[in-house]
Protein chains: 2
Amino acid sequence: MKQDQKAIRPKPDLDFSFLSRTPLFLGASPEEIEAMTACLEAETRTYEKGQMIYRAGDTAAALGLVLCGRILIVHDDFWGNATVMDSAGAGQIFAETYACTPGEPMMVNAEAAEDSQVLFLNVGRILRTCSRSCEHHSRLIRNLLALSARKNLNLSRKIFYTASKSVRGRLLAYLSDQAVRNGSHSFTIPFNRQQLADYLNVDRSALSKEIGRLQREGALKTKKNWFEMGK
Amino acid sequence: MKQDQKAIRPKPDLDFSFLSRTPLFLGASPEEIEAMTACLEAETRTYEKGQMIYRAGDTAAALGLVLCGRILIVHDDFWGNATVMDSAGAGQIFAETYACTPGEPMMVNAEAAEDSQVLFLNVGRILRTCSRSCEHHSRLIRNLLALSARKNLNLSRKIFYTASKSVRGRLLAYLSDQAVRNGSHSFTIPFNRQQLADYLNVDRSALSKEIGRLQREGALKTKKNWFEMGK
DNA sequence: CCTTTTTTGTGGTTATGACAACAGATTTGT
DNA sequence: ACAAATCTGTTGTCATAACCACAAAAAAGG
């Protein structure tokens with residue numbers, strides 16, 4: 001269930017042209033999207049920075065599409081340690097995994113990292129009824145599948161990177177994969193040191209130590225979030 | 001590309017009644033499935049224990065549905081350490097993530113854990129063409145989405161369990177979640193000690209040590225793969 | 001039933017990384 | 001341009017977990 005919402009805006013405010021450029025609605029025209037919003041029980045809600053959108057334990061019937069702002073997906077363990085699992089900016093979606101597996105309680109919180117506006121879409125109705133009932137549903141489902149598969153790859157990657165038990169192993173697994181994926185020995189990463197440490201599940205200072213060591217060995221050059229790998 | 005196949009069986013050998021009971025074809029009748037096989041370019045291949053089905057670096061156009069035997073999904077890192085990521089038995093599918101994100105090179109190997117028979121289905125064709133071209137495609141895609149979302153949850157869980165830096169933290173995260181999911185303080189797990197250690201990314205002896213400690217504290221009772229959590 | 005193999009628990013040693021504290025560098029805001 | 005805040009690298013201490021070796025227990029196989 002959605003919580004702490006400040007206001008509910010009527011659908012007419014929706015920017016269908018913006019939506020048609022999001023991965024979820026890719027290939028659908030603004031007019032088609034407008035036609036779909038009824039089936040999807042589209043609802044827009046606004047959140048202030050720090051507000052909770054979904055809480056662990058909730059069952060999410062609707063996925064969220066970020067209209068503006070940024071949403072963080074956070075896992076809190078027993079002892080209160082928070083782990084950032086994912087983040088979704090404008091045009092991206094979140095909670096779609098739970099919206100696609102009805103009844104499954106969420107393991108994470110979704111919270112607004114900044115003042116944000118979220119469009120909720122009840123995809124469950126589409127998934128349960130025959131897609132022929134509405135022409136454009138099938139495209140939406142295909143897009144959802146593509147997004148889900150891509151998220152799968154991202155989760156797998158994080159698992160691979162953290163498979164090594166040493167800081168060095170994790171760092172090299174991550175960096176060398178980035179080099180491969182960028183097709184270049186020189187690239188930038190979307191993390192600062194603290195975030196990279198959190199992502200690789202290591203201590204920040206230990207990470208800095210290892211980076212320094214690799215630089216002294218000549219295996220690496222780095223400045224801020226730019227890296228160059230020795231071949 | 002598929003490798004090392006020993007024989008190609010013609011479609012008439014397929015057991016459509018079996019297929020209709022698999023998660024992928026759930027809700028489709030044997031006759032409907034038979035009609036679909038053409039669109040899916042269905043091909044059956046047999047593999048001997050240990051044979052490679054897909055290699056890391058391959059691009060997989062077809063997903064694999066295990067007809068009999070068992071397929072292991074294995075990640076080999078830089079230094080040759082192998083990690084079992086997943087396993088698929090009869091009726092289950094593998095490589096569907098890659099089949100749904102065309103062009104993405106695989107990060108894992110797929111290999112036969114025992115003599116196996118695999119049905120390859122080219123879902124890419126379905127995803128790229130309008131689903132109306134074949135009545136039953138939409139159900140297949142919805143099933144694929146459900147499977148993908150569920151795999152997502154499994155990957156997330158593994159990440160949560162290994163988020164803690166201590167053996168104790170990981171073990172308790174895993175066991176307490178199992179208790180919740182089983183709805184009971186008493187449950188069995190699908191791992192022996194070595195497998196659980198691998199899954200949680202810790203050393204086996206360290207795991208045994210921690211289990212012993214928890215038992216002495218009275219927080220836990222265990223025998224083999226049976227556990228009972230103190231409340 | 002006995003042998004062989006696999007699984008599990010323990011102890012000791014050592015390397016490693018978490019943690020804390022701090023200084024220099026860089027960025028941001030005013 | 002300056003002050004404040006944030007980010008990064010460095011050092012030292014200490015707890016923890018990996019690693020190794022072995023014995024007890026359980027399972028498998030004949």
Side-chain angles (χ1 to χ4, degrees), chain A residues 49-50 70 72 77-84 87 113-115 161-175 187-228, chain B residues 77-84 113-114 161-175 187-228:
Chain A
K49 175 174 178 174
R70 179 159 292 275
L72 287 185
D77 71 13
F78 264 156
W79 304 273
N81 308 310
T83 313
V84 174
S87 92
E114 37 189 282
D115 291 358
Y161 301 151
T162 54
S164 169
K165 282 166 184 157
S166 69
V167 172
R168 162 173 291 230
R170 292 183 186 196
L171 180 59
L172 288 177
Y174 175 75
L175 290 179
F187 53 90
T188 63
I189 65 173
F191 295 129
N192 63 28
R193 292 288 184 272
Q194 181 63 63
Q195 292 167 329
L196 179 58
D198 288 344
Y199 183 70
L200 298 179
N201 260 303
V202 297
D203 178 75
R204 183 196 58 78
S205 75
L207 178 66
S208 271
K209 225 178 286 190
E210 200 58 54
I211 289 176
R213 202 171 302 157
L214 283 164
Q215 284 190 100
R216 255 170 277 125
E217 296 173 13
L220 198 66
K221 284 208 288 186
T222 177
K223 184 177 185 184
K224 273 211 56 165
N225 63 341
W226 171 85
F227 286 83
E228 187 171 68
Chain B
D77 72 11
F78 263 155
W79 304 274
N81 308 311
T83 313
V84 174
E114 38 188 283
Y161 300 151
T162 53
S164 168
K165 282 165 185 157
S166 69
V167 172
R168 162 173 292 231
R170 293 181 186 196
L171 180 59
L172 288 177
Y174 174 74
L175 291 179
F187 54 89
T188 63
I189 65 173
F191 296 129
N192 64 28
R193 293 288 184 272
Q194 182 63 62
Q195 292 167 329
L196 179 58
D198 288 344
Y199 183 70
L200 298 179
N201 260 304
V202 297
D203 179 75
R204 183 198 58 80
S205 75
L207 178 66
S208 270
K209 235 176 278 193
E210 199 58 54
I211 289 176
R213 202 171 301 156
L214 283 165
Q215 285 189 99
R216 256 170 277 126
E217 294 173 14
L220 199 64
K221 283 209 289 186
T222 177
K223 185 177 185 183
K224 276 212 55 166
N225 63 341
W226 170 87
F227 286 82
E228 187 171 68

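So that the names make sense, note that chain A is the first sequence line, chain B the second, and so on, each numbered from 1. We use all heavy atoms of the structure for the numbers below, so side chains are in, but hydrogens, waters and symmetry mates are not.
- Relative ring orientation between B/Tyr174 and B/Phe191 is described as tilted, the plane-to-plane angle lying within the 30° to 60° band.
- Using modelled atom types and a 3.5 Å distance limit, the side chains of A/Arg193 and A/Ser208 yield no donor-acceptor pair.
- Residues A/Asn201 and B/Ala163 approach most closely at OD1-O, 3.1 Å, considering heavy atoms.
- Considering only heavy atoms from C-beta on, B/Leu171 comes within 4.5 Å of B/Leu196 through its side chain.
- A donor-acceptor pair under 3.5 Å links the side-chain atoms of B/Asn225 to the main chain of B/Ile189, judged by distance alone.
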Verdict with supporting geometry, A/Leu214 and A/Glu217, side chain to side chain contact (heavy atoms under 4.5 Å, CB included): CA-CA 5 Å; A/Leu214 283 164; A/Glu217 296 173 13; 4.1 Å; yes
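- Side chain of B/Gln195 to main chain of B/Asn192: a donor-acceptor pair is present (N/O by atom type, distance under 3.5 Å, no hydrogens or angles).
- Put simply, chain B comes within 4.0 Å of DNA chain D, heavy atom to any atom, from D/dA17 to D/dA27, going 5' to 3'.
- Between B/Phe227 atom CZ and B/Thr222 atom OG1 the span is 3.5 Å, to the nearest 0.5 Å.
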Reading 5' to 3' through nucleotides 5-18 of chain C, protein heavy-atom contacts under 4.0 Å coded B for base, S for sugar-phosphate only, - for none: ---BBBBB----SB
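- Not a single donor-acceptor pair under 3.5 Å links the side chain of A/Arg170 to the backbone N or O of A/Tyr161.
- For the helix from C/dC1-D/dG30 to C/dT30-D/dA1, the terminal axes (five pairs an end, C1' atoms, rotation from four pairs onto the next four) enclose an angle of 70°, given to 10 degrees.
- Residues A/Asp115 and A/Lys49 approach most closely at OD1-N, 2.8 Å, considering heavy atoms.
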